[in-house]
Amino acid sequence: MVSTLNILLLWWASCAQSDQAFDLPELLVAESGEVIDTVQEWQSQRRPEVIELFRENVYGCNPIDKPHNLKFEVKEINPEAMSGKATLKLVDISYGGPGGNGCIHLAVFLPNDRPSPAPGFLLICNRPREENIDPTRVTKSPFWPTEEIVDRGYVAATFHIEDVDPDEHDQFKNGVHGIFDPLDSPRGPDAWGSIAAWAWGASRCMDYFEADNDIDHTKMAVVGHSRGGKTALWCGATDERFALVISNESGCTGAALARRKSGEDIQAINNRFPHWFCENYKKYDGKEDELPIDQHMLLALMAPRLVYVSSATEDKWADPLGEFLSCVYAEPVFDLYGVKGLGTSTMPAANSPLHEGQIGYHLRRGSHDLTRYDWNCFMDFADKHWETATRT
Ligand code: GTR
């Protein structure tokens with residue numbers, strides 16, 4: 001429970017750091033003015049309202065959820081992957097719409113020495129495919145330390161964002177925008193951007209997990225770094241099938257509070273990445289205080305599930321303190337459910353993870369990256385909350 005005094009102190013400290021005061025929108029007051037003080041009211045009233053506010057103003061609305069023609073094709077099974085430690089499945093997840101067809105290439109490594117179904121992690125990969133998520137394992141990267149994930153008894157799954165939607169402003173002609181956006185009407189100001197499209201892709205991977213008996217789809221985490229971390233959060237908010245949502249150094253329009261305007265701000269992100277969010281988001285360029293939401297409300301949408309935010313000491317562009325404060329301010333919704341959120345309002349020292357409550361957090365020493373240290377923290381957190389034995 002965060003005491004009022006703590007919030008005031010924290011507020012003061014954070015204002016002092018950014019030299020800016022800010023007033024967050026009320027998490028537990030509905031648009032009607034009604035105070036939300038039960039789980040039932042949160043679930044039926046305020047939670048749907050908050051999701052709609054994020055849809056309309058930030059990430060945009062998807063024209064489609066699960067396509068009726070979604071198809072899974074296991075293209076390859078190798079039960080002797082990683083010198084016999086894992087079974088590799090390469091799965092094509094395909095779909096079609098008025099503008100054509102698309103396919104997500106999902107790679108899944110299942111630990112051979114763990115009884116199925118096994119829990120695991122889905123990485124939304126936003127870095128070059130060949131260097132980071134090579135399924136042949138000739139090239140290995142700490143961005144996806146697959147061998148370590150499997151050694152710890154977890155499923156390691158990944159897909160690349162470019163399978164779903166290109167990471168460039170192509171006037172929304174390609175990827176799932178080209179496939180599913182209505183051909184005959186102009187694009188609305190609340191139409192989905194690329195972050196929402198990639199999140200949609202992660203949900204289609206979950207559709208596959210539900211269909212694979214070797215995977216415990218009730219214990220799957222969605223993980224992303226930076227723009228992938230923003231995507232993981234929006235995916236976890238809109239798809240409650242993910243039991244754990246992990247956002248690594250997601251910064252602006254990810255875990256960091258927009259109103260702190262510390263590091264990257266809304267104008268900077270919209271200028272550099274005009275395709276990530278809906279058109280309406282541009283109304284808030286330089287006007288963070290006018291947003292009807294802030295990013296702590298995005299984290300609150302995960303309650304009472306598990307959510308994990310990680311920052312790095314040198315990653316000022318992503319505003320580590322703003323990411324931490326979002327976790328603190330999301331806590332009242334976890335309180336409503338009677339579960340522990342973060343459990344503190346004091347930012348921990350570097351490399352001292354907070355793993356006690358449903359909200360996990362760590363501040364890694366170093367720069368903007370997704371590293372073995374981060375992954376091992378995520379797995380420690382999953383071990384603790386999913387009660388699985390560490391196998392290293
Ligand atoms: C930066 C961008 C951030 C973050 C990052 C990344 O250039 O400003 O919002 O998403 O890219 O994805 O690595």
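Just follow the structure's listing: the first ligand is 1, and inside any ligand the first atom is 1.
- Ligand-side atoms of ligand 1 in range of Trp276: 9 (O), 10 (O), range being under 4.0 angstrom from any heavy atom.
- Checking only distances, Asn126 never comes within under 3.5 Å of ligand 1, N or O to N or O.
- Judged by the 6.0 Å distance and 45° axis criteria, Arg260 is not positioned over the aromatic ring of Phe22.
- Of the protein's heavy atoms, Glu264 OE1, 2.6 Å lies nearest to atom 9 (O) of ligand 1.
- Close approach of ligand 1 to Arg272 is summarised as follows: ligand atoms under 4.0 Å from at least one heavy atom of the residue are 7 (O), 8 (O).
- In summary, the atoms of ligand 1 found under 4.0 Å from a heavy atom of Ile269, numbered by their order in the structure, are 9 (O).
- Salt bridge absent: Glu147 and Lys85 never bring a charged side-chain N and a carboxylate O closer than 4.0 Å.
- Of the protein's non-hydrogen atoms, the one nearest atom 13 (O) of ligand 1 is Ser226 OG, 2.8 Å.
- Under a 4.0 Å N-O distance rule, the pair Arg152/Asp380 qualifies as a salt bridge.
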Between side-chain atoms of residues 295-309 and protein atoms elsewhere (two or more places apart, or another chain), which donor-acceptor pairs fall under 3.5 Å?
from: Gln295; atom 1: NE2; to: Tyr59; atom 2: OH; distance (Å): 3.2
from: Gln295; atom 1: NE2; to: Gly254; atom 2: O; distance (Å): 2.9
from: Arg305; atom 1: NE; to: Met302; atom 2: O; distance (Å): 3.2
from: Arg305; atom 1: NH1; to: Gly236; atom 2: O; distance (Å): 3.0
from: Arg305; atom 1: NH1; to: Asp239; atom 2: O; distance (Å): 3.4
from: Arg305; atom 1: NH1; to: Phe242; atom 2: O; distance (Å): 2.9
from: Arg305; atom 1: NH2; to: Gly236; atom 2: O; distance (Å): 2.8
from: Arg305; atom 1: NH2; to: Leu301; atom 2: O; distance (Å): 3.2
from: Tyr308; atom 1: OH; to: His355; atom 2: NE2; distance (Å): 2.8
from: Tyr308; atom 1: OH; to: His362; atom 2: ND1; distance (Å): 2.6

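- At least one heavy atom of Lys230 sits closer than 4.0 Å to an atom of ligand 1.
- No side-chain N or O of Glu56 forms a donor-acceptor pair with one of Asn280 less than 3.5 Å apart.
- Atom numbering of ligand 1 starts at 1 in the shown order; those under 4.0 Å from a heavy atom of Phe273 are 2 (C), 7 (O), 8 (O).
- Nearest protein heavy-atom contact of atom 11 (O) of ligand 1 is Arg227 NH2, 3.0 Å.
- At a threshold of 4.0 Å, the pair Lys89-Asp212 counts as salt-bridged, since one of the basic side-chain nitrogens sits closer than that to a carboxylate oxygen.
- For ligand 1, the atoms sitting less than 4.0 Å from at least one non-hydrogen atom of Trp317 are 2 (C), 8 (O), numbered in the order shown with element in parentheses.
- For Tyr208, the ring pair (Phe, Tyr, Trp, His ring centres under 6.0 Å) criterion is met by Phe72, not counting sequence neighbours.
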